[in-house]
Novice: 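The structure is given below, and queries will be raised subsequently.
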Amino acid sequence: MSKFDFPENFNWGTATASYQVEGGAYEDGKGPSIWTEFEKKPGSIFNCDNGDVASDEYHHWKEDIAIMKYLGVHSYRFSMAWSRVIPDGRGAINQVGLDYYKRLCDELLANGIEPYMTFYHWDLPLALQNDFSGWESRETVKYFGEYVERISKELKGRVKNYFTTNEFLACSDVGYGMGSIAPGLKLPAKRLNQVRHHVLLGHGTALAALRATSPEAKVGLAENPWFMVPLIDTPENVEATKLAFREENAHFLTAIMEGKYLDCYLEKCGQDAPEFTDDDMKTISGKLDFLGLNIYFGKYVCKEDDKPYRIFRDDIQTTKAGRPGLYYEPDSIYWGCRIVTELWNVPELIVSENGISMPEDNIDPTSGRVYDLGRIKYMRNYLSSMARAISEGYPVKGYFHWSLLDNLEWNQGLHPRFGITYVNFHTLKRTLKMSGEWYRELIRTGRIV
Ligand code: BGC
C-alpha cells in the first residue's frame with residue numbers, strides 16, 4: 001500500500017445545504033426563512049441572485065441521487081430547511097415538506113447512499129427572527145431543540161447520522177455581527193457574544209434531544225475553527241500551534257470540547273462577556289460521536305522568543321475570483337486533524353466540507369465537458385494531506401466534498417461555482433465536471449489518481 005491509499009471502508013461523500021441547492025422556496029407550504037427576507041434587500045446578494053430556484057434540487061433530487069450513484073459515493077450530507085417542515089419554526093408540522101425529505105432519504109437508501117442530515121445550515125425560520133430576535137433569545141434555542149426532537153422521531157429508521165449545526169462563526173458573527181449574511185444585523189459586542197453562546201447551546205440542546213429520541217444514531221456537528229499550520233514543523237512550533245488553535249477557537253470549538261470558556265476569551269470580552277450557567281456548559285459539551293471539520297484554509301503559526309505564538313494570515317487566494325477569503329493551504333487538513341486529535345482525542349473525525357470555487361468553469365463547446373483542472377489539482381493536494389493524516393493514525397473516517405452541485409454561494413450569489421457537477425442555472429441541466437470523474441476514480445480505486 002502506498003502512503004496515498006485510503007482504507008477500504010473510508011466514507012466518501014458529497015455535501016450541500018438546503019438554501020443553497022433546493023429552490024422551491026415558496027412551494028408546498030414552506031415558510032420564509034431569514035434568507036427569504038435578506039435576499040430582498042438591494043445589494044444583499046451579488047447580482048441580485050436569490051434562493052427561489054438555486055440548483056432546484058427540490059425538483060431534481062432523483063437526478064442528483066443518480067449522479068451520486070454514478071460517482072459511487074457512500075454518503076450524502078444535506079441539510080433540512082427548518083421552515084419547510086415547520087413553517088413558523090414552532091407549531092404544526094408541514095407534512096408535504098417533511099415528505100420531501102422522507103422521499104429523498106428513501107431514494108438515497110435505495111441507491112446504497114447513507115443520508116447525513118444537518119438540522120441547521122443557517123436558514124432560520126423568519127418567524128423566530130421576527131418574534132424572538134432569532135438566536136439572541138433562548139426561545140430560539142428551545143424551539144430548535146423541539147424541532148430536532150420532533151423531526152428525528154419522524155425520520156427514525158431513515159437517518160442514522162446527524163449534524164446538529166453547521167459553522168457557528170457564520171450564523172453568529174457574520175449574520176449578527178458583520179451583517180453580510182442573513183439576518184444582516186450589526187449587533188454590539190455584548191449582544192453578539194450572547195448570540196454566539198446561544199448557537200452553541202442550540203447545538204447542545206439538539207444533541208441532548210437526539211440522544212433521547214435516537215440513541216442508535218451517531219451525532220456530531222460541522223465546524224470550521226480557525227485552522228493553524230506550523231510555519232516550520234519543529235516541536236516548539238507545533239506546541240505553539242496547538243496553543244494558538246485552542247485559544248483562537250475559545251468561543252466555539254474549545255468551549256464545546258472542554259465545557260468551559262477559556263479565561264483568555266472571557267478576559268477579552270470583559271463586560272461584554274456572554275451570560276451563561278454551569279448547566280449550559282454541560283449541555284454544550286455533551287459527548288459527540290464524531291466531529292465534522294469544514295476545512296478550506298489555515299493560518300500559520302510560529303513560536304516567538306517573547307510570546308507563546310505569533311499568527312500569520314494565510315496569503316495565497318485559492319482562485320483569482322470566486323469567494324473571497326478562501327486561501328490555498330492543503331496542509332490545513334493534515335494539521336487540522338492532527339491538532340484536534342492531540343488536543344481532545346476525538347473518537348472520529350469527518351472532513352465535512354472541503355472544496356474550491358471556480359467562476360471560470362465552462363462547458364467546452366466541442367467535447368461538452370467541463371475541464372475544471374484547478375479543482376482536480378486542489379483535490380489532489382488536499383486529499384494527499386488527508387491521506388497523510390490517516391496514515392499517521394489520526395481517526396479521519398470520512399470526507400464530504402463541497403459541493404455535489406454548483407449552487408447559491410450565500411451573499412456571493414450563483415457566481416462562485418463550487419460543484420463537481422456543473423449546473424446551467426437557466427435550464428438546470430447538470431453536467432458532471434472532470435473533477436467529478438476524478439473523484440469517481442479515486443473512490444473506485446481508493447487512491448489519489
Ligand atoms: C459553508 C458552505 C459554503 C462553503 C463555501 C462553508 O463555510 O458551510 O455553505 O458554501 O463554506 O464557501
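For ligands, and for the atoms within them, numbers begin at 1 and follow the listed sequence.
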Novice: With a cutoff of 4.0 Å, is Gln412 in contact with ligand 1, counting heavy atoms of the residue only?
Specialist: no
Novice: Taking non-hydrogen atoms only, is Asn166 closer than 4.0 angstrom to ligand 1 via side chain, backbone, both or neither?
Specialist: side chain
Novice: Below 4.0 angstrom from a heavy atom of Phe418, which ligand 1 atoms are there? Numbered from 1 as shown, please.
Specialist: 5 (C), 12 (O)
Novice: When you measure from the centre of the six-membered ring of Tyr143, is the NZ or CZ of Arg138 under 6.0 Å away and within 45° of the axis?
Specialist: no
Novice: Is any side-chain N of the basic residue among Glu409 and Arg417 closer than 4.0 Å to the acidic one's carboxylate O?
Specialist: no
Novice: Determine whether the aromatic ring centres of residues Trp12 and Phe6 are separated by less than 6.0 angstrom.
Specialist: yes
Novice: Quick check on the 6.0 Å ring-centre criterion: do Phe276 and Tyr261 meet it?
Specialist: yes
Novice: Hey, what's the ring geometry for Phe46 with His415, parallel, tilted or perpendicular (30° and 60° as the breaks)?
Specialist: tilted
Novice: Only heavy atoms count here, so choose which of Glu167, His121, Glu223 is nearest to atom 7 (O) of ligand 1.
Specialist: Glu167
Novice: Is any N or O atom of Asn224, backbone or side chain, closer than 3.5 Å to an N or O atom of ligand 1?
Specialist: no
